[in-house]
Amino acid sequence: MPLAPHPDRLLPPEPSQRNIARRLYDTVRDLPLISPHGHVEARLLAADEPFTDPASLLVTPDHYVTRLLHAHGIPLADLGLRDSTGDTGPAQPRDVWRTFCEHWHLFLGTASRGWLEAELHDVLGVTVQPSADTADELFDELTARLREPAFRPRALYDSFGIAVLATTDDPADDLAHHRALAEDPSWSGRVVPTFRPDRHLDATSPGWTAALDDLAAASGIDTGDYDGLIRALENRREHFRAHGATATDHSAPDARMAFLDTAQARRLFGAVRTGTASADEARLLSQQLLGEMARMSSEDGMVMALHTGSRRNHHPGTLRRFGPDTGHDIPLQAEFTRALQPMLERFGTNPRFQTVLFTLDETVFSRELAPLAGFYPSVYLGAPWWFLDAPRAMHRFRDAVTETAGFYRNAGFIDDTRGFCSIPARHDTARRVDAAHLAGLVAEHVLSEDDAAVVIRDLHDRQPRKAFRL
């Protein structure tokens with residue numbers, strides 16, 4: 001069967017609305033891509049080495065892909081993930097690709113199927129459907145194509161039309177790859193780091209003490225007491241800002257923050273550090289440190305992005321064998337109104353403070369997030385994220401928040417991807433969905449088509465730049 005994504009995919013089926021959506025989509029289809037949050041690493045572009053094969057590019061690093069195949073009984077080791085226990089070695093790329101192609105039908109109806117079709121067809125030039133019969137031929141075809149200069153990382157970056165790409169980086173990172181790109185006269189793109197201090201803030205984690213040691217080594221500041229930890233975090237934020245960072249990112253279990261006085265915080269830190277604190281005290285210290293991040297953002301102006309509400313590493317056995325970010329993070333019920341009140345009381349009207357709120361719980365879109373963004377000038381609504389970055393969920397998001405907060409309290413789209421070639425596919429999906437949604441409002445005479453054309457351009461250019469201070 002041929003692989004030919006329909007030119008009107010995701011646009012409305014009703015002819016008059018579809019024509020409006022086509023016109024709106026045409027106004028943004030070729031806009032530069034603003035990617036303010038994702039997980040592509042700067043070293044990919046700094047090294048600019050050819051991708052080796054399609055399995056390593058499209059399958060193994062993409063937990064959207066591996067988690068669904070795993071749900072159908074395919075071991076993660078068979079998909080190229082490295083087993084830290086040594087029980088099994090990673091499968092060979094050709095075998096991974098065969099497994100993926102043999103199970104291509106499992107992605108029907110998922111958002112991943114649309115992205116994968118766009119990656120294969122629009123980026124890599126594939127014109128036949130993956131299947132058991134075509135797997136080897138496609139593997140050879142794509143492996144050869146990936147050796148061509150036009151498919152190296154920097155050439156793809158240019159062909160994608162990326163204006164700015166934000167990476168996600170640990171505070172202890174020296175940002176050498178970002179520095180190499182900035183100093184390379186042959187490189188004209190913009191790649192900025194994002195300060196992601198999760199492991200240094202999570203006092204409940206067994207690895208917290210080791211993380212503090214790494215932070216001390218990177219900053220040159222002793223993190224053996226509370227004051228030292230705060231100074232070290234401030235030091236690394238400045239290091240990131242000097243390398244172009246405009247935002248911090250946090251994946252705490254929930255949005256609660258604490259604002260203890262310094263004496264209390266020092267005592268709590270000492271108890272956790274020496275192992276004499278309770279589990280509740282360790283959680284309180286984590287919330288205190290997250291509150292310190294908000295305080296720092298109110299002073300240095302770095303945007304505070306909150307990606308909360310996930311039970312990370314839900315399956316301990318998979319975590320032990322294959323590590324984090326391997327597809328078994330599961331959403332939790334979220335609460336923001338009470339959780340964020342102490343932080344917003346302090347910083348919600350501070351002109352230097354800005355936060356972007358993301359959730360995996362659709363029930364809070366209209367009940368909590370839209371009203372918060374509809375009052376506080378510091379609060380922006382993050383795009384539907386992770387399990388919600390699918391077309392129908394994007395429509396539900398617009399329906400839930402727009403009537404309360406309007407379009408201009410929205411932070412635009414984030415691709416949140418580890419799959420480099422999925423960046424343009426995901427942005428294209430968002431642009432098509434917004435064109436379809438706005439076309440419906442035009443057809444209902446809620447908006448004029450001229451207004452809708454301005455809105456869709458702003459959602460994919462002005463808003464992400466503004467919300468993330470890019």
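Side chains are part of it too, since the values below use all heavy atoms of this structure and drop only hydrogens, waters and symmetry mates.
Remark: side-chain polar atoms of Ser56 are not paired, donor with acceptor, to backbone N or O of Thr52 under 3.5 angstrom. With hydrogens and angles disregarded, a donor-acceptor distance shorter than 3.5 Å links the side chain of Gln288 to the backbone of Leu260. A donor-acceptor pair is defined here as one N or O able to donate and one able to accept, closer than 3.5 Å; no such pair exists between the side chain of Glu117 and the backbone of Pro5. His328 places a side-chain N or O within donor-acceptor distance of the main-chain N or O of His314, the cut-off being under 3.5 Å. Under a 3.5 Å cut-off, the side chain of Gln287 and the backbone N or O of Gly291 do not form any donor-acceptor pair. Under the 3.5 Å distance criterion, the side-chain polar atoms of Ser219 are matched with a main-chain donor or acceptor of Leu215. The backbone N or O of Phe322 sits nowhere less than 3.5 Å from a side-chain atom of Thr326 that would complete a donor-acceptor pair. Checking side-chain atoms of Ser286 against main-chain N and O of Ala282 turns up a donor-acceptor pair under 3.5 Å. One N or O on the side chain of Thr246 and one on the backbone of Phe468 form a donor-acceptor pair closer than 3.5 Å. One N or O on the side chain of Arg236 and one on the backbone of Pro171 form a donor-acceptor pair closer than 3.5 Å.
Between the side chains of Ser378 and Gln354, no donor N or O sits under 3.5 Å from an acceptor N or O. The closest side-chain donor-acceptor pair between Arg237 and Ser297 falls under 3.5 angstrom. Inspection of the Ser112 and Thr110 side chains reveals no N or O donor paired with an N or O acceptor under 3.5 Å. Judged by distance alone, the side chains of Thr168 and Thr194 never bring a donor and an acceptor atom under 3.5 Å apart. In this model, a donor atom of one side chain and an acceptor atom of the other lie less than 3.5 Å apart for Asp434 and His460. Of the N and O atoms on the side chains of Asp254 and Thr308, not one donor lies less than 3.5 Å from an acceptor on the other residue. Remark: the Asp415 side chain and the Ser35 side chain contain an N/O donor-acceptor pair separated by less than 3.5 Å. Side-chain contact, His178 with Thr167: a donor N or O sits under 3.5 Å from an acceptor N or O.
Within the 4.5 Å cutoff, the side chain of Glu292 has heavy atoms near those of the Tyr226 side chain. Looking at Thr66 and Leu76, their side chains come closer than 4.5 Å, going by heavy atoms from C-beta outward. Looking only at side-chain heavy atoms (C-beta outward), Val28 and Leu459 stay at 4.5 Å or farther from each other. A heavy-atom distance below 4.5 Å is found between the side chains of Pro324 and Leu319. Side-chain contact between Arg320 and Pro316 is present, with heavy atoms from C-beta onward closer than 4.5 Å. For the pair His177/Glu41, no side-chain contact is recorded, criterion being any heavy-atom separation below 4.5 Å from C-beta on. Here the side chains of Phe195 and Asp169 are not in contact, with every heavy-atom distance at 4.5 Å or above. The closest side-chain heavy-atom distance from Asp48 to Pro153 is below 4.5 Å.
A salt bridge links Arg465 and Asp461; the closest N-O separation between the charged side-chain nitrogens and carboxylate oxygens is under 4.0 Å. Ionic pairing of Asp458 and Lys466 is not present here: no N-O contact between side-chain nitrogen and carboxylate oxygen is shorter than 4.0 angstrom. Looking at Arg418 and Asp325, a side-chain N of the basic residue comes within less than 4.0 Å of a carboxylate O on the acidic one, giving a salt bridge. Using a 4.0 Å cut-off between charged nitrogen and carboxylate oxygen, Asp227 and Arg231 do not count as a salt-bridge pair. Note on Asp300 versus Arg241: no salt bridge recorded, every NZ/NE/NH1/NH2 to OD/OE distance being 4.0 Å or above. The existence of a salt bridge linking Glu49 and Arg152 is excluded, since no basic side-chain nitrogen approaches an acidic carboxylate oxygen closer than 4.0 Å. Comment: Arg273 does not engage Asp225 in a salt bridge, judged by the lack of any side-chain N to carboxylate O separation of less than 4.0 angstrom. Classification of Arg29 and Asp26 as a salt-bridged pair holds, one side-chain N sitting under 4.0 Å from a carboxylate O. Residues Arg266 and Asp261 are not paired through a salt bridge, judged by the lack of any N-O separation under 4.0 Å between the basic side chain and the carboxylate. Classification of Arg196 and Asp170 as a salt-bridged pair fails, no side-chain N sitting under 4.0 Å from a carboxylate O. The pair Asp184-Arg179 fails the salt-bridge criterion, with no side-chain N (NZ, NE, NH1 or NH2) lying under 4.0 Å from an Asp/Glu carboxylate O.
Note on ring orientation: taking the six-membered ring where Trp is involved, the planes of His437 and His395 are tilted (angle from 30° to 60°). Classified by interplanar angle (parallel below 30°, tilted 30° to 60°, perpendicular above 60°), the ring pair His37/His39 is perpendicular. Relative orientation of the Trp386 and His63 rings is parallel, given thresholds of 30° and 60° on the angle between their planes. Ring geometry, His427 versus Phe413: the interplanar angle exceeds 60°, so the pair is classed perpendicular (tilted spans 30 to 60°).
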*Apply side chain to side chain contact (heavy atoms under 4.5 Å, CB included) to the pair Leu332 and Asp361, showing each step before the final yes or no.*
CA-CA 7 Å; Leu332 295 166; Asp361 182 355; over 6 Å; no
*Walk me through it: do Phe107 and Trp115 pass the test ring-ring contact (aromatic ring centres under 6.0 Å, His included)?*
CA-CA 10 Å; Phe107 295 95; Trp115 302 328; over 10 Å; no
*Working for side chain to side chain contact (heavy atoms under 4.5 Å, CB included), residues Arg426 and Asp389*: CA-CA 9 Å; Arg426 293 178 188 228; Asp389 58 0; 3.6 Å; yes
*CA sep, side-chain torsions, deciding dist, call: Val455, Tyr408, side chain to side chain contact (heavy atoms under 4.5 Å, CB included)*: CA-CA 8 Å; Val455 166; Tyr408 289 91; 3.9 Å; yes
*For the pair Glu368 and Thr337, evaluate side chain to side chain donor-acceptor pair (under 3.5 Å) and give the outcome as yes or no after the intermediate values.*
CA-CA 6 Å; Glu368 299 186 44; Thr337 301; 3.1 Å; yes
_Go through it in stages, so that I can follow the logic: the residues are Leu57 and Leu146, the test is side chain to side chain contact (heavy atoms under 4.5 Å, CB included), and I'd like the CA-CA distance, side-chain angles, deciding distance and then a yes or no._
CA-CA 10 Å; Leu57 176 62; Leu146 291 171; 3.9 Å; yes
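Under the 6.0 Å cut-off for aromatic ring centres, Phe269 and Trp208 qualify, their centroids lying closer than that.
Atom CD of Gln264 is surrounded by more than 12 heavy atoms from other residues, nucleotides or ligands within 6.0 Å. For Gln92, the CD atom counts as loosely surrounded, since its 6.0 Å shell holds 12 or fewer non-hydrogen atoms of other residues, nucleotides or ligands. Around atom CZ of Arg392, no more than 12 heavy atoms belonging to other residues, nucleotides or ligands sit under 6.0 Å away.
Across all non-hydrogen atoms, the minimal contact from Ala150 to Ala155 is O-CB, 3.6 Å. Contact record, Phe420 with Leu44: CG-CD2, 3.8 Å, taken as the closest heavy-atom pair. Between Pro464 and Ile34, the closest heavy-atom pair is CB-CG2, 3.9 Å. Taking all atoms of both residues into account, the shortest heavy-atom contact from His239 to Leu175 is CD2-CD1, 3.8 Å.
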